[in-house]
Amino acid sequence: MFAKRMQRVTPSAIMELIKTTAAGDFISFASGLPDPALFPVELLREITDDVLARDGRGALQYGAAEGYAPLRELVAGILRHRSLEATPEHVLITTGSQQAIDLAARALLDPGDRVLIETPSYLAAIQTFDSYEVQYQPLETDAEGIVPERLPEDPGGAKLLYVLPTFQNPTGHTMYRRGREAVAAYVDRHGLAVLEDDAYHDLRYEGIPQPPICALTRSPWTIYTGTFSKVIAPGLRVGYLCAQPELVARLAQLKQITDLHSGSLSQRVVHEYCVRGYLEPGIQLFRSTYTARLTAMLEALQAEMPDRVEWTRPEGGMFVWMMLPRGIDVDALLRQAMERGVVFVPGATFHPDGRGQHTLRLNFVSADEERIRRGIAILGELLRGTIAGS
Ligand SMILES: Cc1ncc(COP(=O)(O)O)c(C=O)c1O
């Protein structure tokens with residue numbers, strides 16, 4: 001009875017791994033989850049209480065599809081700081097930025113349409129595009145994201161570019177201004193739509209913020225997405241997109257038939273959290289904790305990994321990407337690692353074209369420094385054995 005599109009809706013390898021390892025005491029480099037110890041539970045409890053006391057009926061009532069007006073205004077202010085043209089009419093509050101990706105894909109893509117996508121890219125976006133039965137035009141990337149010189153001369157009828165230029169999930173790569181400008185010029189030349197996913201924007205540990213590609217192109221078909229998941233808590237499910245008001249209006253109509261609107265209470269709680277000045281100190285806490293963990297992981301990799309193993313050195317975000325010598329069986333390595341209590345995600349999962357067989361993704365924020373060092377020591381030992389025997 002399933003619709004044809006369900007053929008391309010498959011289980012997420014990451015979710016399956018997380019389920020398998022949930023019961024045991026695994027050192028998990030696999031998940032994409034922030035550290036729950038950093039969630040501002042007490043502050044959110046206090047704020048929720050105040051919101052309900054002050055405006056309980058509004059907070060529990062249906063709301064506008066576009067989002068809670070004061071939150072739209074607040075997000076517009078945040079986005080102007082990121083060099084985007086943003087008034088409240090440019091902002092649509094979404095149920096996590098995952099919904100923004102889904103709305104953009106659903107609004108713009110017909111079955112068979114072609115999407116330009118980095119290889120590798122964010123798994124849940126690939127799964128979203130899959131569900132709309134699209135085709136891919138994979139784009140080559142290096143340590144600075146999309147390689148402008150390697151963009152296809154002819155985008156092959158592609159309609160949309162999906163891009164994560166900042167602390168990319170899964171590689172941790174960041175594109176610098178020159179690369180972003182070149183990609184924006186390519187978008188303009190070929191009349192493409194852009195979906196720019198900036199979920200990790202505030203998790204920067206070094207370097208300076210780069211302008212969004214959406215701020216550099218002249219295309220009216222730009223959708224920029226962001227989220228409070230990584231800087232407050234993902235369970236609130238409050239994200240946003242920024243686009244031209246006419247496009248926001250159309251996407252709001254689509255959102256309305258999806259979930260009517262995002263949670264009225266969550267939106268007010270996020271708004272109040274920001275208005276009370278908690279956002280910036282909260283971001284600082286995420287940053288300092290994650291910086292220490294990234295440092296621990298990079299030092300452990302340096303100390304433990306054999307020659308010919310390479311990895312990225314991200315300026316922010318949550319992930320380090322490892323490249324093993326060709327011929328290493330990453331699935332076999334995962335099985336061995338799991339026997340030793342360590343879990344990671346094989347890199348092929350993140351490739352829309354089945355490449356990446358010799359790569360893997362490590363989350364560096366879930367485990368503390370001591371467990372990171374232990375986990376990397378185990379992976380190093382396994383890899384030394386595997387490479388020596390290959
Ligand atoms: C790159 C990227 N985009 C979007 C999301 C979606 O996050 P949320 O829906 O919680 O905003 C994630 C979550 O892990 C992500 O890694």
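Each ligand, and each atom within it, is numbered from 1 in the order the structure gives.
Contacts of ligand 1 (protein heavy-atom distance under 4.0 Å) are Gly96, Ser97, Gln98, Tyr122, Leu164, Asn169, Asp197, Ala199, Tyr200, Thr227, Ser229, Lys230, Arg237.
Of the N and O atoms on the side chains of Thr258 and Arg106, at least one donor lies less than 3.5 Å from an acceptor on the other residue.
The aromatic rings of Tyr278 and Tyr273 lie tilted to each other, with the angle between the two planes from 30° to 60°. Using bins of under 30°, 30° to 60° and over 60° for the plane-to-plane angle, the ring pair Phe286/Phe39 lands in the tilted bin.
Looking at Glu144 and Arg178, no side-chain N of the basic residue comes within less than 4.0 Å of a carboxylate O on the acidic one, giving no salt bridge.
Note on residues 240-258: pairs passing salt bridge (Lys or Arg N to Asp or Glu O under 4.0 Å), not counting sequence neighbours, are Lys255-Asp259.
Ile146 places none of its side-chain heavy atoms less than 4.5 Å from the side chain of Leu116.
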